[in-house]
Amino acid sequence: MKQLQVRMLLFAIIGVAFMMGIGIMIAEQSIIGIILCIVGTIGTFGLGFATKARIRKQQQQ
């Protein structure tokens, strides 16, 4: 059984929360909120992919 990667789980949860925030901000008609949630989603997924690549690189060495 593989070990649980808590850091990656947190990135996923935060990313999904930002995506849910986009929907909520659309319903609230808040342009600033929509933009912040989109930036947060892109940033969170970007950090998650970068962290995953760094972890893989360390494991190969």
Side-chain angles (χ1 to χ4, degrees):
M1 188 176 199
K2 290 193 174 191
Q3 186 179 22
L4 178 66
Q5 295 179 354
V6 177
R7 188 181 322 159
M8 299 308 293
L9 178 63
L10 287 175
F11 280 131
I13 291 171
I14 293 169
V16 169
F18 274 122
M19 285 193 291
M20 289 174 16
I22 293 170
I24 293 168
M25 291 300 123
I26 290 171
E28 293 289 330
Q29 298 178 350
S30 171
I31 300 297
I32 295 172
I34 294 168
I35 292 169
L36 289 175
C37 286
I38 289 172
V39 170
T41 301
I42 293 169
T44 302
F45 284 135
L47 282 172
F49 284 124
T51 303
K52 186 174 183 176
R54 192 177 335 117
I55 290 171
R56 269 194 196 155
K57 190 175 181 180
Q58 287 176 353
Q59 287 176 350
Q60 288 179 353
Q61 292 177 353

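Reckoned from all heavy atoms, side chains included, excluding hydrogens, waters and symmetry mates. Positions are given from 1 along the sequence.
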Anything under 3.5 Å between a donor and an acceptor, one on a side chain of residues 5-34, the other on a protein residue two or more places apart or in another chain? List them.
residue : atom : partner : partner atom : Å
Ser30   : OG   : Gly33   : N            : 3.2

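- Judged as a side-chain contact (heavy atoms from CB on, under 4.5 Å), and not counting sequence neighbours, the contacts of Arg54 are Thr51, Gln58.
- Interatomic distance, Leu36 CG to Thr41 OG1, rounded to the nearest 0.5 Å: 10.5 Å.
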